[in-house]
*Asks:* 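I'd like to ask you about the structure that follows.
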Number of protein chains: 2
Amino acid sequence: MTTTGEGTDHRAPAGPPAASADLPAATVRRLPEYLRALGALSESGVETVSSETLAAATGVNSAMLRKDLSQLGASGMRGVGYDVAALATHIAGVLGLTKDSRVAIIGLGHLGQALARYPGFSDRGFDIVGLFDADPGIIGRDLDGIRVRDVALLARAVRDEGINIGVIATPGAAAQHVADLLVDAGVTSILNFAPCVLAVPQGVVVRKVDLAVELQILSFHEHHKTLGPETAQYRRTGRQSAGPEDRLRRRR
Amino acid sequence: MTTTGEGTDHRAPAGPPAASADLPAATVRRLPEYLRALGALSESGVETVSSETLAAATGVNSAMLRKDLSQLGASGMRGVGYDVAALATHIAGVLGLTKDSRVAIIGLGHLGQALARYPGFSDRGFDIVGLFDADPGIIGRDLDGIRVRDVALLARAVRDEGINIGVIATPGAAAQHVADLLVDAGVTSILNFAPCVLAVPQGVVVRKVDLAVELQILSFHEHHKTLGPETAQYRRTGRQSAGPEDRLRRRR
DNA sequence: TTCTGTGAAAAGCTTCACAGCT
DNA sequence: AGCTGTGAAGCTTTTCACAGAA
């Protein structure tokens with residue numbers, strides 16, 4: 001996503017600070033991983049880290065990590081590495097995590113409830129400010145201090161409460177309707193857990209997570225393992241060296 | 001999004017018949033989507049479908065769909081399209097869904113419990129046969145008829161009960177240990193929801209789903225919303241999921 | 001010396017455009 | 001006519017390999 005043939009030929013000479021907008025999609029996908037690994041390092045008291053070490057902690061190639069970071073405008077110190085704290089701050093800034101996002105979850109079946117209570121969201125700067133469902137049996141319930149409201153109130157809540165991310169955890173049949181409500185109310189970022197493709201206008205970003213799809217992909221690999229004994233080469237999963245760095249990771 | 005340990009495959013030298021093994025990773029990722037759309041079509045009574053229609057239902061380009069299917073060895077009828085039922089059967093076969101997989105979920109916090117009850121798993125041929133946790137307060141509980149067992153019993157259960165997929169939904173700190181248990185017991189397919197990179201031997205496929213990562217990617221796009229929305233790229237409604245995000249696009 | 005930043009090459013993925021079957 | 005199957009082109013992502021800063 002967001003790719004442009006950039007990277008090398010930045011036309012205007014006097015390059016400003018450096019655009020962190022318009023990064024390659026593949027890079028953006030990896031930034032949260034880097035950020036998480038940096039957080040772990042920071043908690044261990046590490047102050048600087050080499051691309052090699054950080055790459056190992058995130059499962060990528062070190063050259064790619066360096067390229068990602070340089071595209072971001074971040075910079076390390078040759079011969080030394082990257083400053084853990086500064087880099088984390090920089091990445092958080094690029095990801096827009098400096099201000100908390102306001103999230104609504106629509107659909108509070110088992111999955112929606114689990115998402116509502118998932119500590120990883122609030123831990124990483126996402127405020128869950130609205131829970132909505134269409135089932136009268138669920139509306140009015142309290143989940144960790146947030147009351148579930150009728151989905152009919154969604155549009156107003158989006159506007160009044162500054163909600164800018166919608167998480168759809170409804171059954172597939174309701175998902176498009178909910179997406180329409182969100183989009184009409186002005187939400188332009190949607191995370192969709194329903195097993196269906198959503199139609200949304202340009203400018204609205206939808207990311208889809210389908211848990212069953214993940215299992216089916218595993219099934220494929222499982223099914224084809226018997227064939228080509230060593231034709232398929234799975235890179236990266238293998239450990240390269242019981243490096244001293246990976247054993248650390250304590251409390252989140 | 002999300003993925004880990006994808007194959008970088010080098011095809012075997014001479015390609016005899018037409019293997020459905022060794023498909024490009026990108027193709028494999030789309031197969032479950034095709035299958036879902038075919039299921040929906042089938043329920044609507046549709047018997048044949050064109051690549052254009054099926055592509056629209058899954059949010060991909062029709063040429064790509066055709067290429068995916070031909071790589072699979074499936075074939076349509078020129079001038080007509082694809083037989084819905086036959087194609088669904090074929091894809092299910094390639095994905096190895098003809099025999100049910102046996103799944104264990106380790107870690108039954110909110111997320112694990114939601115996964116244990118997620119109907120999309122059993123609906124699509126995944127039997128959840130084991131639930132494991134380390135917390136005595138959870139061990140012994142019954143979730144939809146399955147009793148949560150002590151994780152100390154995991155290895156034996158894997159062997160005795162033919163478990164071939166492990167789903168890790170523990171906190172990050174416990175995930176590597178659980179992965180080691182699974183691998184030692186012979187599991188070669190792991191779905192990891194814990195926010196950490198797992199080290200596993202070659203041959204073990206790990207897919208990672210990190211819900212917070214998805215939100216952070218949305219945050220990035222939300223944060224960088226600006227300029228040039230004048231690139232009509234996908235007709236009609238927008239695109240879906242981890243699709244191309246484009247913007248500047250030179251004309252040729 | 002160590003380790004970053006980056007051209008250049010390689011690999012992979014997607015789209016185009018059209019030949020050719022039904 | 002309608003639609004598939006596919007070579008070729010274009011684009012993106014990854015990896016290599018090394019110049020050069022600290």
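The structure displayed is predicted, hence computed values, not measured ones. Naming convention: chains lettered A, B, ... in sequence-line order (proteins, then strands); numbering from 1 in each chain.
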*Asks:* What nucleotide among dC16(C), dT4(C), dT14(D) has an atom nearest to a side-chain atom of R30(A)?
*Replies:*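 That would be dT14(D).
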*Asks:* Tell me which nucleotide among dG5(D), dG5(C), dC13(C) gets nearest to the side chain of S70(B).
*Replies:*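 In terms of side-chain proximity for S70(B), the closest of dG5(D), dG5(C), dC13(C) is dG5(D).
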*Asks:* When you compare the side chain of E222(B) with that of T188(A), does any pair of heavy atoms fall below 4.5 Å?
*Replies:*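 T188(A) reaches E222(B) side chain to side chain.
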*Asks:* Starting at CG of L65(A) and ending at P of dT6(C), how long is that distance when rounded to a whole Å?
*Replies:*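 For the pair L65(A) CG and dT6(C) P, the rounded distance is 14 Å.
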*Asks:* When we call it a touch if two heavy atoms are under 4.0 Å apart, what does A26(B) touch: a base, just sugar-phosphate, or nothing?
*Replies:*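 Answer is sugar-phosphate: A26(B) comes under 4.0 Å of backbone atoms only.
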*Asks:* When the ring planes of Y118(B) and F121(B) are compared, do they come out parallel, tilted or perpendicular, using 30° and 60° as the limits?
*Replies:*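 Y118(B) vs F121(B) ring planes: perpendicular.
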*Asks:* I need the minimum non-hydrogen distance between G203(B) and K225(A), along with the two atoms involved.
*Replies:*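 Scanning both residues, the minimum pair turns out to be O-CE, 3.3 Å.
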*Asks:* Please tabulate, one pair per line, all N/O donor-acceptor pairs under 3.5 Å involving side-chain atoms of residues 79-89 of chain A, not counting sequence neighbours.
*Replies:*
unit_1 : atom_1 : unit_2 : atom_2 : d
D83(A) : OD1    : A85(A) : N      : 3.2
D83(A) : OD1    : A86(A) : N      : 2.7
T89(A) : OG1    : A85(A) : O      : 3.0

*Asks:* What is the distance, to the nearest angstrom, from the CD atom on Q71(B) to the P atom on dG5(D)?
*Replies:*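 After rounding, the gap between these two atoms is 12 Å.
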*Asks:* Just to verify, what does E33(B) make a side-chain hydrogen bond (donor to acceptor under 3.5 Å, both in side chains) with, not counting sequence neighbours?
*Replies:*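 Per chain and number, E33(B) pairs via side-chain hydrogen bond (donor to acceptor under 3.5 Å, both in side chains) with K208(A), R36(B).
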*Asks:* Should L54(A) and V60(A) be marked as a side-chain contact (heavy atoms from CB on, under 4.5 Å) after you check the CA-CA gap, both sets of side-chain angles, and the distance that decides it?
*Replies:* CA-CA 9 Å; L54(A) 186 54; V60(A) 306; over 6 Å; no
*Asks:* Given atom CG of D83(A) and atom C1' of dT4(C), what is their separation to the nearest angstrom?
*Replies:*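 From D83(A) CG to dT4(C) C1': 15 Å.
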*Asks:* Less than 4.0 angstrom between a side-chain N/O of N61(B) and OP1 or OP2 of dC13(C), yes or no?
*Replies:*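 Indeed not, no polar side-chain atom of N61(B) lies that close.
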*Asks:* Under 4.0 Å, counting only non-hydrogen atoms across every strand here, what does S75(B) touch: a base, just sugar-phosphate, or nothing?
*Replies:*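 Touches sugar-phosphate only.
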*Asks:* To the nearest Å, how far apart are R66(A) CZ and dC16(D) P?
*Replies:*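 Whole-Å distance recorded here is 11 Å.
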*Asks:* Between H224(A) (side chain only) and V94(B) (backbone N and O only), is there a donor and an acceptor less than 3.5 Å apart?
*Replies:*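 Yes, because the side chain of H224(A) sits within donor-acceptor range (under 3.5 Å) of the backbone of V94(B).
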*Asks:* Examine dC3(D): is either OP1 or OP2 under 4.0 Å from a nitrogen or oxygen in the side chain of S51(B)? Give yes or no.
*Replies:*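 Looking at the OP1 and OP2 atoms of dC3(D), neither is under 4.0 Å from any side-chain N or O of S51(B).
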*Asks:* dT2(C) P sits how many Å from Y82(A) OH, rounded?
*Replies:*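 Between P of dT2(C) and OH of Y82(A): 18 Å.
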*Asks:* Name every residue in residues 38-47 of chain B that has at least one heavy atom under 4.0 Å from any atom of DNA chain D, in order of residue number, or write none if there are no such residues.
*Replies:*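 The answer is none.
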*Asks:* Return the value, rounded to whole Å, for the distance between atom CG of L72(B) and atom P of dT6(D).
*Replies:*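 Atom-to-atom, L72(B) to dT6(D), this comes out as 13 Å.
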*Asks:* Name the pairs: protein N/O against N/O of nucleotides 20-22 of chain C, kept only if under 3.5 Å.
*Replies:*
unit_1  : atom_1 : unit_2 : atom_2 : d
dG20(C) : N3     : R78(B) : NH1    : 3.3
dT22(C) : O4'    : R78(B) : O      : 3.2

*Asks:* Rounded to the nearest Å, what distance is computed from the CG atom of residue L54(B) to the P atom of nucleotide dG2(D)?
*Replies:*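 Going from L54(B) (CG) to dG2(D) (P), I get 20 Å.
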*Asks:* Do K67(A) and dT4(C) share a donor-acceptor pair, side chain to base, under 3.5 Å?
*Replies:*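 No pair found.
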*Asks:* Under the rule for side-chain hydrogen bond (donor to acceptor under 3.5 Å, both in side chains), what residues qualify as partners of D68(A), not counting sequence neighbours?
*Replies:*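 In terms of side-chain hydrogen bond (donor to acceptor under 3.5 Å, both in side chains), with neighbours along the sequence ignored, D68(A) is linked to T27(A), R30(A), Y34(A).
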*Asks:* Does D68(B) or G81(A) map to a spot on DNA chain C nearer the 5' end, using the closest nucleotide for each?
*Replies:*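 First, find each residue's nearest nucleotide; the 5'-ward one identifies G81(A).
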*Asks:* Would you kindly give the CG-to-P distance between L69(B) and dG5(D), to the nearest whole Å?
*Replies:*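 Going from L69(B) (CG) to dG5(D) (P), I get 8 Å.
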*Asks:* Without swapping roles, check the side chain of H90(B) against the backbone of L72(B) for a donor-acceptor pair under 3.5 Å.
*Replies:*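 It does hold such a pair.
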*Asks:* Applying side-chain contact (heavy atoms from CB on, under 4.5 Å), can you list everything that pairs with S101(B), at least two apart in sequence or on another chain?
*Replies:*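 If we apply the side-chain contact (heavy atoms from CB on, under 4.5 Å) test to S101(B), skipping adjacent residues, the hits are S219(A), F126(B), N164(B), I165(B).
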